[in-house]
Amino acid sequence: MELDKSVTVAFAGMSAQSQRLKVIAENIANADSTAKTPDQDPYKRKIISFADELDKKLGVDMVKVRGVSQVQGGFGRIYEPGNPASDASGYVKTPNVNTITEMMDMREAQRAYDADLNVIDAAKAMLSRTIDLLRG
Amino acid sequence: MDIGHIPLFAAFSKRMAWLTARQTVLAENVANANTPGYMAKDLKELDFKSMLASGNGAGNGALRLAADQPGHIAPVANNIAAVVQRPDDQSLSGNGVSLESQMMKVSTNASEYALVTTLYKQNISMIKTVLGGGSSG
């Protein structure tokens with residue numbers, strides 16, 4: 001059935017956005033996670049990327065998570081001599097996570113999720129209208 | 001008697017099929033709102049004139065896929081209309097979906113569907129009145 005398709009696609013969008021939210025939560029939670037030793041890197045910011053894929057059974061362009069990648073480099077440095085990860089001059093590498101960027105990303109994910117919900121609502125309304133036709 | 005043979009009702013069901021197909025396309029757009037390189041799609045508007053020309057009498061006037069690109073493949077089954085790429089604005093990742101305009105289209109789509117079903121009901125009730133089966137509906 002046609003309207004089922006739009007609901008299925010919207011659900012795929014919602015699950016993709018919630019996985020994105022999970023990655024954002026990981027980034028924010030680890031915004032201050034330093035390494036154990038001076039030669040190791042601290043927590044690296046993760047980025048999720050999406051891809052569109054034709055679902056051959058339904059014949060629609062679904063969305064899926066292409067993968068989660070780590071952002072290399074761009075670490076910050078703070079002076080904290082007591083930290084086990086501090087180098088010879090007392091500096092510690094901090095993660096390349098910018099909480100403001102993550103917040104922005106989070107809002108966007110939320111907005112897209114809401115939009116998917118809206119689509120499902122509209123499809124449901126159309127379906128109930130069709131069923132109403134039977135009531136004469 | 002098949003109600004689909006009445007041209008008006010044939011037009012209604014065609015319109016409903018088109019709106020449903022469009023809803024799916026819009027759902028694809030919204031689901032792919034953050035997919036890099038994805039362009040927003042939309043269906044071609046139903047052409048009233050050609051619908052009239054092809055749809056009178058038998059009520060099975062053919063709606064064909066328009067193939068305006070060399071790579072377009074002819075439809076297999078009951079595909080509705082051409083899916084045209086219509087990017088409204090493009091982000092840095094090459095994504096051409098604007099959630100606002102998609103939401104606009106989704107709500108227009110739903111209310112147009114409501115309009116068609118209301119008209120359908122009204123016409124059924126008119127037929128019922130003529131048949132003497134009461135004017136409920």
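Just so it is clear, the structure is predicted and the values come from calculations on it, not from any experiment. The analysis underlying the following values was restricted to heavy atoms, covering all of them including side chains, and did not include hydrogens, waters or symmetry mates. By convention in this document, chain letters (A, B, ...) are assigned in the order of the sequence lines, proteins followed by strands, and residues within each chain are numbered from 1.
Chosen from B:N109, B:V106, B:V116, B:T20, the residue pairing most often with chain A at heavy-atom distances under 4.5 Å is B:T20. The residue among A:D61, A:V9, A:T8 with the most heavy atom pairs within less than 4.5 Å of chain B is A:D61.
Interface remark: A:A125 contributes no atoms to any contact with chain B (heavy atom separation under 4.5 Å). Heavy atoms of A:R20 lying under 4.5 Å from chain B belong exclusively to its side chain. For A:A115, the parts lying under 4.5 angstrom from a heavy atom of chain B are both the backbone and the side chain. If you measure heavy-atom distances from A:M62 to chain B, the contacts under 4.5 Å come from the backbone alone. For B:E112, no part lies near chain A; criterion is any non-hydrogen pair under 4.5 Å.
The two residues B:Q23 and A:A123 have their closest heavy-atom pair at NE2-N, 3.5 Å. Closest approach of A:G13 and B:A31 over heavy atoms only: CA-CB, 3.8 Å. A:V119 and B:A27 make their closest contact through CG1-CB, 3.6 Å (heavy atoms, listed as atom of the first residue, atom of the second, distance). Scanning all heavy atoms of the two residues, the minimum distance from A:A112 to B:N34 falls at CB-OD1, 3.7 Å. Listed here is the closest heavy atom pair of B:Y113 and A:M126: CE2-O, 3.2 Å.
Rounding to the nearest 0.5 Å places OG1 of B:T24 at 9.5 Å from CG of A:D4. Interatomic distance, A:D55 CG to B:E28 CD, rounded to the nearest 0.5 Å: 10.0 Å. Expressed to the nearest 0.5 Å, how far OG1 of A:T130 lies from CG of B:L19 amounts to 10.0 Å. To the nearest 0.5 Å, atoms CG (A:D52) and CG (B:N32) are separated by 5.0 Å. Remark: A:R129 CZ to B:M16 CE distance equals 10.5 Å, nearest 0.5 Å. Of the inter-residue distances, the one linking A:L133 atom CG with B:T118 atom OG1 reads 8.5 Å to the nearest 0.5 angstrom.
For A:D32, the CG atom is loosely surrounded, since the number of other residues' heavy atoms within 6.0 Å does not exceed 12.
Put simply, B:M104 and B:V97 are part of two different groups of oily side chains (I, L, V, M, F, W, Y) that touch within less than 4.5 Å, one to the next. In the hydrophobic clustering of this structure, B:W18 groups with B:F12; members are Ile, Leu, Val, Met, Phe, Trp, Tyr whose side-chain heavy atoms approach within less than 4.5 Å, directly or through other members. Using a 4.5 Å cut-off between side-chain heavy atoms of Ile, Leu, Val, Met, Phe, Trp and Tyr, with links allowed through other members, B:Y38 and A:L54 fall into different hydrophobic clusters. Linking Ile, Leu, Val, Met, Phe, Trp and Tyr residues whenever their side-chain heavy atoms come within less than 4.5 Å places A:L3 and B:L115 in a single cluster.
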